[in-house]
Amino acid sequence: MTDTVSVPTSRLTTTHRPTPTTRALRPSAHAEREHAPTWMRAVGAVLLVGGLGLTAAVLGWPGDAPEASLLVPALVGIAAGFLLLVARSGYDVTDTHVVLHFRPLPARRIPRDRIADVRLVEADASTYGGIGLRIGRGVRALILTPGLGIEFTDDRGRVTFVRTRQPERAFRALR
């Protein structure tokens with residue numbers, strides 16, 4: 001029986017592994033983040049503190065009273081307050097993708113070759129039916145404050161709007 005592992009070969013081969021592309025290696029042509037407005041963060045703080053206070057009062061109350069049912073609205077207040085405090089929208093434009101961010105949700109990546117049209121649009125809460133992440137029939141909007149933003153249409157006809165502070169720079173990066 002021969003040992004095939006130690007038999008010399010006639011040529012030496014080297015393996016070549018391509019360098020993996022990571023986020024740090026992909027240059028961003030333009031990136032921007034926008035925090036929630038002050039009033040939204042204030043409402044979030046009030047809901048969070050109120051929910052925590054109500055939870056502490058209910059859990060500290062002696063006995064098994066029906067007040068335990070107040071835990072549900074308290075936990076809803078805590079969750080809504082936390083989400084309003086950490087809300088942030090933004091985007092990154094790279095050579096290959098447009099990445100939309102709406103914290104706390106995961107990022108949405110759109111390939112640039114699927115973008116059919118890009119334009120600058122003035123929008124407020126009434127334009128897309130409210131603030132935050134608005135999803136409608138063929139329309140998605142990330143809007144926390146009123147003002148100028150970017151609206152682009154993909155090859156399927158779906159429209160996406162992102163509110164930005166510097167829309168002209170983002171518009172140039174997408175062209």
Side-chain angles (χ1 to χ4, degrees), residues 12-49 51 75-175:
L12 295 175
T13 60
T14 58
T15 58
H16 175 69
R17 290 186 184 172
T19 306
T21 305
T22 61
R23 289 182 191 224
L25 297 176
R26 278 185 254 141
S28 179
H30 185 72
E32 189 173 319
R33 302 284 187 276
E34 183 178 12
H35 288 281
T38 305
W39 70 265
M40 186 183 284
R41 287 184 283 172
V43 169
V46 168
L47 283 172
L48 184 64
V49 169
L75 294 176
V76 168
I78 291 171
F82 176 75
L83 291 177
L84 289 174
L85 279 174
V86 301
R88 181 186 310 172
S89 68
Y91 65 92
D92 293 327
V93 178
T94 65
D95 293 335
T96 57
H97 288 86
V98 175
V99 183
L100 302 177
H101 304 278
F102 187 69
R103 194 170 76 179
L105 300 175
R108 179 174 179 242
R109 300 173 61 89
I110 303 169
R112 285 186 71 166
D113 57 352
R114 298 196 63 189
I115 297 174
D117 184 37
V118 179
R119 62 189 187 119
L120 295 175
V121 175
E122 183 78 27
D124 59 6
S126 65
T127 307
Y128 294 103
I131 59 170
L133 177 62
R134 313 307 299 170
I135 299 175
R137 187 174 265 172
V139 176
R140 288 180 187 224
L142 295 171
I143 184 168
L144 293 177
T145 57
L148 198 58
I150 301 171
E151 182 179 270
F152 54 91
T153 307
D154 65 7
D155 56 357
R156 295 184 212 165
R158 290 188 296 188
V159 175
T160 302
F161 174 81
V162 180
R163 163 74 177 95
T164 64
R165 281 184 230 144
Q166 299 174 340
E168 293 83 11
R169 285 185 58 201
F171 183 72
R172 281 190 303 256
L174 283 168
R175 281 287 185 193

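In this structure, CZ in R109 is found 6.5 Å from OG1 in T96, a value given to the nearest 0.5 Å. Between W39 atom CH2 and L84 atom CG the span is 7.5 Å, to the nearest 0.5 Å. The CG atom of L148 lies 5.5 Å from the CD atom of E122; values are rounded to the nearest 0.5 Å. Here the CG-CE distance, from L85 to M40, works out to 11.0 Å after rounding to the nearest 0.5 Å.
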| task | Report the C-alpha separation of D154 and T160 in whole Å, then their side-chain angles, then the decisive distance to 0.1 Å, and conclude whether the side chain to side chain contact (heavy atoms under 4.5 Å, CB included) test is met. | result | CA-CA 8 Å; D154 65 7; T160 302; over 6 Å; no

- Evaluate the side chain to side chain contact (heavy atoms under 4.5 Å, CB included) criterion for residues F171 and V118: first the C-alpha distance (whole Å), next the side-chain angles of each, then the deciding distance (0.1 Å), finally the verdict. CA-CA 7 Å; F171 183 72; V118 179; 3.6 Å; yes

Go through L100 and R140 one step at a time and tell me if the side chain to side chain contact (heavy atoms under 4.5 Å, CB included) criterion holds. CA-CA 11 Å; L100 302 177; R140 288 180 187 224; over 6 Å; no

request  = Mind running side chain to side chain contact (heavy atoms under 4.5 Å, CB included) on T127 and F161 for me, showing each step along the way?
outcome  = CA-CA 11 Å; T127 307; F161 174 81; over 6 Å; no

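Side-chain N or O atoms of R134 include none that pairs as donor or acceptor with a backbone N or O of A141 at under 3.5 Å. A donor-acceptor pair under 3.5 Å is absent between the side-chain atoms of R112 and the main chain of V98, judged by distance alone.
Within 6.0 Å of the CZ atom in F82, the count of heavy atoms belonging to other residues, nucleotides or ligands does not exceed 12.
T153 is not listed as a side-chain neighbour of I115, based on a closest heavy-atom distance of 4.5 Å or more. Side-chain atoms of R163 and Y128, non-hydrogen and from C-beta on, never get closer than 4.5 Å to each other.
What you find for P146 and D124 is that their closest heavy atoms are CB-CB, 3.7 Å. The nearest pair of heavy atoms linking V99 to A107 is CG1-CB, 3.7 Å.
The pair D155-R114 meets the salt-bridge criterion, since a charged nitrogen lies less than 4.0 angstrom from a carboxylate oxygen.
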